[in-house]
Amino acid sequence: MGIQEQLIAWYEQNARTLPWRKSRISSYQILVSEIMLQQTPAARVAPQWQAWIKRWPNAASLANATPAEVIRQWDRLGYPNRALRLHQTAKELVAKHNGKLPSTYDELIALPGIGDYTAAAIIAFAHNKRSVVLDTNIRRVISRVWHGVERPGTSVSSGERQFAESLVPLADESAAKWSIAIMEFGALVCTARDPQCSACPIANTCNWRIAGFPASDIKPKTQKFEGTDRQVRGQIMKLLKDSASSLPKSTLAEVTSDTQQFERALHSLVIDGLVDVTKNGRFQLPK
DNA sequence: AAGACGGGGCT
DNA sequence: AGCCCAGTCTT
């Protein structure tokens, strides 16, 4: 059984019962959930989604609301511009698409508030069609399981997208299931912090796991760097390479008990162009 | 490629 | 105090 089948089977048994996953949910209602879920945990969205759908069950009713009502109903979900864009999209759906969501990526992404992720999600979860869904969960799972790296890069490279596409089953139905399954898996098991590897159905084939991570299970032994500046540099470079391509600064800081020595060595690495420092404090090998 | 944009929960 | 969350839009 391939990883696709394993994670889909896991999903059937372990998926949360979220209100927008019930049957007879319209494409507009899926859209509302996807917009609310942008940068907002599902547990916090659920009650807000219910209230919203009860008040505005379809695009036409939402289109008739005022912006003030929309903002008020949005309450404290955050990023209130999402509510205004959703409102605008509802109007466009009524005006141009018979109150429903269009089915092509280009039409979807042209709507306000719908970017790459949401367009792909609508195609998969509202229309049950094949698409390449790439959210923070899926990117993290692919990075770990297939590439053996804890975190994906800050932006989606073309290679990353192509690889993700290669994992999506060909048939529409299976493709949609795969996307929701790997996403849920990332949200519940392969989490950003404190991943539940002991409950992971694919731990045996996970390259991150095989590489000896997460370090919380295998105690990170602090390592002392000794020798000349050049020798210390070589040791840190080896560490960076072993970790594939990136790791948190906190992890790096633990490798030596002499923080100042470490900072000096790292500084010289950066100066020499041997290591890149990203804005969020991660280190990576230059491309 | 980097910043701005919210708020709440968790460590 | 910092990280993270089913991202999008604008420089």
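Chain letters run A, B, ... following the sequence lines, proteins first and then strands; every chain starts at 1.
- The same atom, P, is picked in B:dG8 and in C:dC9; the two are 24 Å apart, to the nearest Å.
- A chain of hydrophobic side-chain contacts below 4.5 Å, direct or via other Ile, Leu, Val, Met, Phe, Trp or Tyr residues, connects A:Val70 to A:Leu111.
- As rounded to whole Å, 13 Å separates atom P of C:dC9 from atom CG of A:Leu84.
- Listed candidates were C:dA6, C:dC5, B:dA2. Nearest to the side chain of A:Thr154 is B:dA2.
- Side-chain atoms of A:Arg21 and base atoms of C:dA6 include a donor and an acceptor less than 3.5 Å apart.
- For A:Arg85, the side-chain atoms get nearest to C:dC9 when compared with the rest of C:dC9, C:dC5, B:dG8.
- Atom-to-atom, CE of A:Met36 to P of B:dC5 comes out at 22 Å; the value is rounded to the nearest Å.
- A:His147 and A:Phe163 have tilted rings, their planes meeting at an angle from 30° to 60° on a 0 to 90° scale.
- Contact annotation for A:Trp74: no contact, since no heavy-atom pair falls under 4.0 Å across all strands.
- One atom, OH of A:Tyr11, and another, P of C:dA6, lie 13 Å apart when rounded to the nearest Å.
- Nearest-nucleotide positions on DNA chain C for A:Asn137 and A:Pro112 put A:Asn137 closer to the 5' end.
- Partners of A:Ser174 by side-chain hydrogen bond (donor to acceptor under 3.5 Å, both in side chains), not counting sequence neighbours: none found.
- Side-chain atoms of A:Leu7 and A:Pro201, non-hydrogen and from C-beta on, do get closer than 4.5 Å to each other.
- A heavy-atom distance below 4.0 Å to DNA chain C is reached by these residues of residues 40-47 of chain A, ordered by number: A:Pro41, A:Ala42.
- The pair A:Arg140-A:Asp135 fails the salt-bridge criterion, with no side-chain N (NZ, NE, NH1 or NH2) lying under 4.0 Å from an Asp/Glu carboxylate O.
- Atom P of nucleotide C:dA6 and atom CD1 of A:Ile30 are separated by 16 Å, given to the nearest angstrom.
- Here A:Arg16 lies in heavy-atom contact (under 4.0 Å) with a base.
- Annotation: C:dT8 and B:dG9 have their P atoms spaced 24 Å apart (nearest Å).
- Rounded to whole Å, the distance from CD on A:Gln38 to C1' on C:dG7 is 5 Å.
- Under the 4.5 angstrom side-chain criterion for Ile, Leu, Val, Met, Phe, Trp and Tyr, the cluster partners of A:Leu84 are A:Ile71.
- Residues A:Trp20 and A:Ile53 have side chains not in contact (no heavy-atom distance under 4.5 Å, counting atoms from C-beta outward).
- Counting non-hydrogen atoms under 4.0 angstrom, A:Leu77 reaches a base of the nucleic acid.
- The shortest distance between the side-chain N/O atoms of A:Thr136 and the OP1/OP2 oxygens of C:dC5 is below 4.0 Å.
- With both ends at atom P, the span from B:dA1 to C:dA6 equals 24 Å, rounded to whole Å.
- When the P atom of B:dG9 is taken as reference, atom CZ of A:Arg76 falls 11 Å away, rounded to whole Å.
- Contact check, A:Arg82 against C:dA6: no side-chain N or O comes under 4.0 Å of OP1 or OP2.
- Comparing C:dA6, B:dG6, B:dA2 against the side chain of A:Ile180 picks out C:dA6 as the nearest.
- A donor-acceptor contact under 3.5 Å is not formed by the side chain of A:Arg193 with the base of C:dC4.
- Hydrophobic clustering keeps A:Val94 apart from A:Leu86 (ILVMFWY residues linked when any side-chain heavy atoms are closer than 4.5 Å, directly or through intermediates).
- Residue A:Ser155 is the one, among A:Ser155 and A:Asn81, whose nearest nucleotide of DNA chain B lies closer to the 5' end (criterion: closest heavy atom).
- Inter-residue side-chain proximity for A:Ser103 and A:Lys129 is flagged as unmet; no heavy-atom pair is nearer than 4.5 Å.
- Atom C1' of nucleotide C:dA6 and atom CD1 of A:Ile123 are separated by 15 Å, given to the nearest angstrom.
- Heavy atoms of A:Thr191 sit nowhere under 4.0 angstrom from any nucleic acid atom.
- Across all strands, A:Ser33 comes closer than 4.0 Å to no nucleic acid atom at all (heavy-atom distances).
- Residue contacts shown for A:Gly78 include a base, since a base heavy atom lies under 4.0 Å away.
- In this structure, CH2 of A:Trp49 is placed 15 Å from C1' of C:dA6, rounded to the nearest angstrom.
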